[in-house]
Amino acid sequence: MINGYVRNGDLNAARKLFDQNTSSRNVVSWNSMITGYVKHDHMPHAQLLFDQMPVRDVVSCNTILSGLYKIKNPEGIYHSILQMGRIGLRPNEFTFSIVITAFLNTVFNVLIPQLHGLILCLALNSSVFVGSSLMRGYTDLRNCEGLHQVFDEILVKDVTSWNALILGYMDLGLTAKARRAFELTPEKNVVSWTTLVNGYITNKKLNEAWSLFNKMSERNVVSWTVMINGYVQNDKFVCALEVFLSMLRSGARPNHFTFSSVLEACAGCSSLLMGKQIHSNVLKFGMPLDVILSTSLVDMYAKCGDIEAAFSIFESIPKKNRVSWNSIIGGYARHGLATRALEEFERMMKCGVRPDEVTFVNVLSACSHGGLIEEGERHFNLMGTKYGIQAGIEHYTCMVDLYGRAGHLEKAEKLIKGMPFEPDVVVWGAFLAACGLYSSLELGEFAAEGVYKLESDHPAVYSMLSKIHGEKGVWGTVFELRKMMKERHAKKQKADAKPEHLQEYDPT
DNA sequence: CTAGGGTTAG
């Protein structure tokens, strides 16, 4: 009865019934009520009921655990399973699949092999559910052997187990193994295909991804979005937009994931015309404008040159988060409106939103574009002392740029010599641009020497070196800098995603 | 009454 109301989403009716039947309450009615609160994101209420229960069973615990997972509280999960042990409740398949999934990408993932041991003791390793979550766990730990072994232990493998195997191999960078697993999958579904396509994309094999995508007999909104986003992440913005148009022609309905990616494509190729059309599509499709989608719109308008439209959408976001603020501050910085950028930063602080590294990159670059030296220095110092954010190489680059543009080449030089990083091509690029701007041959040589010492180089650096001797426009260098900054970011991501030693398994 | 696989923003 109570569960009927919970299923229909009528939490109040469920609670009413629950409160009335004090005498005939059983564990199931308590659990149903807790389920209702968890489903509707009322964790405190769920927790309260759980604490009030006269007798708790494993389902009560599992429900709380899934609630804690939903609000991303792995620490709470950890304490809850300890508590479970003290009460003497034996965890079941549900418990383990929830707990393992909740520990993914957290510091608690080191416990996953230990949970695996417990699972073996309780003879739960043959479960498909436990098995596939364990597979995600070993993937998270970058343990290929574990991944394979857990898969083998699953008694009756279903398509989800196979998909977890494909995904695991792809996450580990083993595209050939993933492909083999895909071929061996008995009943491939659209998820199997999409996992493979997305895996090729994250492993930078765009052509493989595209040819596979074209062979798909069935595509859903996720498959389309994966392909669109794949092109966006690889800077093939026009391709992304073309795929989106095919998607619309096919009659598939885009969702907020799709639109976020498509808007990023518009931003990437600075197409205000297309961006506006996508915006009207968002409205036409009746997409709920959540924070993420709205922020994508803000960013698109800012990058396509319509900063006022960006601002007006930004203002319309009821619950602006850190990314939204970063987006508008970055937008103002890009448009050279340093004062407005700083004003938004102050407003962000007033709203109690904590800044992060990106915030300060944007703030500092606003200062550098606006020639606000003291303000830039102030924020550069404040980011560590007041906000506890360590300055990264990107922030130093902004400061070098700031001093350089203002003609304070000695200050820039001093900063480079004193910074806790080896200067990279981007730093030298910023410095060189300044040397070019102020025709400083002497310091240009200092930079040239620095560049020479780097293992990696960049053609843009040479073009700037040559620029010191005259010619070319100033705007060219700004563009080159941006490009290098972006590439630095891409390289960092790539290094995190797949270590080289895993590459050798891949013959293609 | 509780659980596993594919997609979003700076």
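In what follows, chains are A, B, ... by sequence order, proteins preceding strands, each numbered from 1. As a basis for the values below, the full set of heavy atoms in this structure was taken, side chains included, without hydrogen atoms, waters or symmetry mates.
Ring centers of A:Phe360 and A:Phe380: at least 6.0 Å apart, outside the cut-off. Separation of the A:Phe182 and A:Trp193 ring centroids falls under the 6.0 Å cut-off. Between A:Trp30 and A:Phe50, the gap from one ring centroid to the other reaches at least 6.0 Å. Between A:Phe213 and A:Trp224, the distance from one ring center to the other falls under 6.0 angstrom.
Heavy atoms of A:Asp57 sit nowhere under 4.0 angstrom from any nucleic acid atom. Base contact: A:Asn189 has a heavy atom under 4.0 Å from a base atom. Here A:Thr95 lies out of heavy-atom contact (under 4.0 Å) with every strand. Residue contacts for A:Arg7: at a heavy-atom cut-off of 4.0 Å it reaches the sugar-phosphate backbone alone, with no base atom in range. In this structure, A:Lys188 reaches neither bases nor backbone, as no heavy-atom distance under 4.0 Å exists between it and the strands shown. Across all strands shown, A:Ser294 has no heavy atoms under 4.0 Å from either base or sugar-phosphate atoms. At the heavy-atom level, A:Val226 lies under 4.0 Å from the strands shown only through sugar-phosphate atoms.
Distance from the side chain of A:Thr295 is smallest to B:dA9 among B:dG4, B:dT2, B:dA9. Of the candidates B:dG4, B:dA9, B:dC1, B:dG4 carries the atom nearest the A:Val128 side chain, counting heavy atoms from C-beta on. The side chain of A:Val222 lies closest to B:dG6, out of B:dG6, B:dG4, B:dT2.
When rounded to the nearest whole Å, the span between CH2 of A:Trp162 and P of B:dG6 equals 17 Å. The distance from atom CE of A:Met53 to atom P of B:dC1 is 15 Å, rounded to the nearest whole Å. Residue A:Phe237 contributes atom CZ, which lies 13 Å from atom P of B:dA9 at whole-angstrom precision. Rounding to whole angstrom units, CD of residue A:Glu93 and P of B:dA3 are separated by 13 Å. Rounded to whole angstrom, the span from the CG atom of A:Leu89 across to the C1' atom of B:dC1 amounts to 15 Å. If you take CZ of A:Phe18 and C1' of B:dC1, they are 12 Å apart, rounded to a whole angstrom. Rounded to an integer number of Å, the gap from A:Phe244 CZ to B:dT8 C1' is 13 Å. Atom CG of A:Asp158 is separated from atom C1' of B:dG6 by 15 Å (rounded to the nearest Å).
Here A:Asn62 does not reach the OP1 or OP2 of B:dA3: none of its side-chain N or O atoms lies under 4.0 Å away. OP1 or OP2 of B:dT7 sits under 4.0 Å from a side-chain N or O of A:Asn198. Note on A:Lys39: every side-chain N or O is 4.0 Å or more away from OP1 and OP2 of B:dC1. Regarding contacts with the backbone of B:dT2, every side-chain N or O of A:Asn31 stays at 4.0 angstrom or more from both OP1 and OP2.
With respect to A:Trp325, the ring pair (Phe, Tyr, Trp, His ring centres under 6.0 Å) criterion is satisfied by exactly one of A:Phe345, A:Phe314, A:Tyr332: A:Phe314.
Comment: A:Arg180 does not engage A:Glu183 in a salt bridge, judged by the lack of any side-chain N to carboxylate O separation of less than 4.0 angstrom. A:Asp140 has no carboxylate O lying under 4.0 Å from a charged side-chain N of A:Arg136, or vice versa, which leaves the two without a salt bridge.
Both the sub-6.0 Å distance and the 45° axial angle are not jointly satisfied by A:Arg253 relative to the ring of A:Phe285. By the 6.0 Å and 45° rule, A:Arg354 does not stack over the aromatic ring of A:Tyr387.
Within residues 249-268 of chain A, the residues approached by DNA chain B to less than 4.0 Å at the level of any non-hydrogen atom are A:Asn255, A:His256, A:Phe257, A:Ser260, A:Glu264, in residue-number order.
Side-chain atoms of A:Thr195 and base atoms of B:dG6 include no donor and acceptor less than 3.5 Å apart. The base of B:dG4 does not come close enough to the side chain of A:Ser97 for any donor and acceptor atom to sit less than 3.5 Å apart. For a distance-only test at 3.5 Å, the side chain of A:Asn321 qualifies as a donor-acceptor partner of the base of B:dA9.
Look at A:Phe129 and the base of B:dA3; the rings stack, centres closer than 5.5 Å and planes less than 30° apart.
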